[in-house]
Amino acid sequence: KALGLSFKRAQFTPDLLPSDILGAEIYDPKNTSFKIKKGPIFTNLLLADEINRAPAKVQSALLEVMQEHQVTIGDQSFKIKEPFFVMATQNPVEQEGVYQLPEAQLDRFMMKLVVGYNTKEEEHKMVKRVANKTFGTIKAVITAKDLMEIKKEVLDIHIDKEVELYIINLIDATRNPEAYGLDNIKKYIQFGVSPRASIDMYKASRAIAYLKGQDYVSPIEIAYIAKEILRHRIILSYEAQAE
């Protein structure tokens, strides 16, 4: 409502099928033909709730749409209306009946945010609002058109060549830590991050600079966002996990 966009939520469960997310071809006996029934993926904002409850074949249903912003059903491909954004949650506490996300799936998420407990003040506010149903009315603060304009404006944020190389060096250090005097962590990293990490860090640092009202990117913006961009992409060794 606040963004003026369409929103859908898919609850991931062990018995979910890819067609439950994407849609399917349905046979129409009346016309003796197949018609397309579109799934919840056809929206602006999709929440894949508890994504690790579904097996890999269902999670992989999101791979194409998150990369190409299109969905293939049968022999037809459909473009998703922009802006399009996938969010997912996973419950880190439960170990039974959950599935590890494939690395290729994790890599398509720009950021991983770890949400901890509320402060006592936040908890108190939340309890009162929920119990008394005193949430304020949600008002639109922006439109889809405004969002697309902002996306264009972010492209004008300047990144100096030295700062670009800083990003590349950070990424390379996850793959070759010994080249940066980080021999002590080499044994902990099985695989460094993918090229998507470089692209996402480049994009995200410009977005952070834009939100701060700057027309350039400094190393401060990169440091601000680096953990969220990299934490789910660095594959740890068995030794690192054990420690």
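All residue numbers refer to positions in the sequence shown, counting from 1. Note that the structure is predicted; figures quoted are calculated from it, not measured.
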Sidechain-backbone polar pair: [X] side chain, [Y] backbone, donor-acceptor under 3.5 Å:
X	Y	answer
T43	S6	yes
D146	I142	no
D160	E162	yes
R206	H158	no
N132	R129	no
T72	S77	no
E122	T119	yes
E221	S218	yes
R231	K112	yes

In terms of hydrophobic clustering (I, L, V, M, F, W, Y; side-chain heavy atoms under 4.5 Å; direct or indirect links), are [X] and [Y] co-clustered?
X	Y	answer
I167	I220	no
F109	I225	no
L3	M111	yes
I150	L5	yes
L147	L46	no

For the student: nearest non-hydrogen atoms of [X] and [Y], plus distance:
X	Y	result
K128	T134	O-OG1, 4.0 Å
P102	A56	CG-CB, 4.1 Å
R233	M110	NH1-O, 3.3 Å
K186	P177	CA-CG, 3.8 Å
M201	L170	SD-CD1, 4.3 Å
I21	A10	CD1-CB, 3.8 Å

Query raised in the report: Is there a side chain to side chain contact (heavy atoms under 4.5 Å, CB included) between V217 and Y202 once you walk through the steps?
Result: CA-CA 9 Å; V217 174; Y202 194 95; over 6 Å; no

Taking the side chain as every heavy atom from C-beta outward, state whether [X] and [Y] have any atom pair closer than 4.5 Å.
X	Y	result
V193	I229	no
R9	M87	no
L17	V58	no
S237	K187	no
V86	R108	no
Y216	I157	no
E178	L182	no
Q70	I80	no

Report task. Give every residue pair that meets the ring-ring contact (aromatic ring centres under 6.0 Å, His included) criterion with at least one member in residues 4-34, sequence neighbours excluded. Result ->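 Qualifying pairs: Y27-F34.
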
Requested in this report: Decide yes or no on side chain to side chain contact (heavy atoms under 4.5 Å, CB included) for V163 and K161, but give the supporting numbers first.
Outcome: CA-CA 5 Å; V163 179; K161 190 180 177 185; over 6 Å; no

Query raised in the report: Can the ring centroids of F84 and H69 be said to lie less than 6.0 angstrom from one another?
Result: yes

Hey, could you give me the [atom1]/[atom2] distance between [X] and [Y], rounded to the nearest 0.5 Å?
X	Y	atom1	atom2	value
S205	Q214	OG	CD	10.5 Å
K8	N44	NZ	CG	9.5 Å
D107	M66	CG	CE	10.0 Å
I36	L22	CD1	CG	11.0 Å
T137	K139	OG1	NZ	6.5 Å
L16	Q59	CG	CD	10.5 Å

Report task. Decide side chain to side chain contact (heavy atoms under 4.5 Å, CB included) for E243 and E239; before the verdict, give the C-alpha distance in whole Å, the side-chain angles of both, and the deciding distance to 0.1 Å. Result -> CA-CA 6 Å; E243 286 196 22; E239 192 175 346; 4.1 Å; yes

Query - Atom OH of Y224: over 12 foreign heavy atoms under 6.0 Å - result: no

Query raised in the report: Taking atom CG of L155 as the centre, does the number of heavy atoms from other residues, nucleotides or ligands within less than 6.0 Å exceed 12?
Result: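 Enclosed: over 12 neighbouring heavy atoms sit under 6.0 Å from CG of L155.
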
Query raised in the report: Can you name the residues that form a salt bridge (charged side-chain N to carboxylate O under 4.0 Å, His left out) with K37, not counting sequence neighbours?
Result: none

Any side-chain donor-acceptor pair under 3.5 Å between [X] and [Y]?
X	Y	value
Q76	E25	no
N31	S33	no
D215	Y210	no

**Report entry** Y238/Q190 under side chain to side chain donor-acceptor pair (under 3.5 Å): CA gap, chis, key distance, verdict
**Finding:** CA-CA 8 Å; Y238 178 77; Q190 187 176 357; over 6 Å; no

Query raised in the report: Do R53 and E50 sit within salt-bridge range, that is, some charged N less than 4.0 Å from a carboxylate O?
Result: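 Looking at E50 together with R53, the answer is yes, because their closest N to O distance falls below 4.0 Å.
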
